[in-house]
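One structure is given below, encoded as structure tokens.
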Amino acid sequence: MALWGWLLLASAASYAIKLAGYLVPARWLENDRMSRVAGTLTIGLLASLTAMNTFSAGPALALDARLGALLAAAVALWLRAPFLLVVVIGALAAALIRLAGIG
């Protein structure tokens with residue numbers, strides 16, 4: 001039952017934070033510095049999420065097919081492939097690495 005309490009508390013906090021975003025004055029958001037900060041935060045959060053999903057398996061460090069998929073997708077991005085093709089290449093690389101029994 002305690003888990004439901006934490007879940008409801010987290011939901012209420014999430015809603016309150018989202019609601020607070022609507023109360024921010026528009027002139028604060030039109031500032032050039034705020035645009036740069038928002039862009040930088042987005043990149044940092046996406047990079048950390050990618051790293052966590054690639055290298056972690058619970059509390060342990062994991063080096064498996066996800067690393068190969070990330071490297072294949074990075075090469076495809078470097079070669080300026082369209083985003084959908086990057087996703088397909090990453091998925092295909094992961095599938096082939098798992099099929100080979102490596103990951």
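The chain is numbered in sequence order, starting from 1.
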Spatial distance of atom CE (Met34) from atom CG (Leu41) [nearest 0.5 Å] = 9.5 Å
Pairs satisfying side-chain hydrogen bond (donor to acceptor under 3.5 Å, both in side chains), at least one member in residues 65-77, at least two apart = Asp64-Arg66
request  = Taking the side chain as every heavy atom from C-beta outward, state whether Leu45 and Leu49 have any pair of such atoms under 4.5 Å apart.
outcome  = no
message = Which residue is it: Val86, Leu85, Leu84? I am looking for the one with a side chain to side chain contact (heavy atoms under 4.5 Å, CB included) to Pro82.
response = Leu85
ask   = For Ile97 and Ala69, which heavy atoms make the closest approach, and how far apart are they?
value = CD1-N, 4.4 Å
ask   = What are the two closest non-hydrogen atoms of Ser56 and Ala62, and how far apart are they?
value = C-CB, 4.3 Å
ask   = Just wondering, are more than 12 heavy atoms of other shown residues or ligands nearer than 6.0 Å to CG in Asp32?
value = no
task = Working to the nearest 0.5 Å, report the span between CH2 of Trp4 and OG of Ser11.
result = 9.0 Å
ask   = Of the non-hydrogen atoms in Ala73 and Gly90, which two are nearest, and what is the gap between them?
value = CB-CA, 4.4 Å
request  = Give, for atom CG of Leu19 and atom OG of Ser14, the distance between the pair rounded to the nearest 0.5 Å.
outcome  = 11.0 Å
request  = For Ala10, enumerate each residue passing the side chain to side chain contact (heavy atoms under 4.5 Å, CB included) test, keeping only those at least two apart in sequence or located in another chain.
outcome  = none
query = What's the spacing between Leu67 CG and Thr54 OG1 if we round to 0.5 Å?
reply = 7.5 Å
task = Report the distance from atom CG of Leu96 to atom CG of Leu99, rounding to the nearest 0.5 Å.
result = 6.5 Å
ask   = Taking a hydrophobic cluster as the set of Ile, Leu, Val, Met, Phe, Trp and Tyr residues connected by side-chain heavy atoms closer than 4.5 Å, whether directly or through intermediates, do Leu71 and Leu61 fall within one such cluster?
value = yes
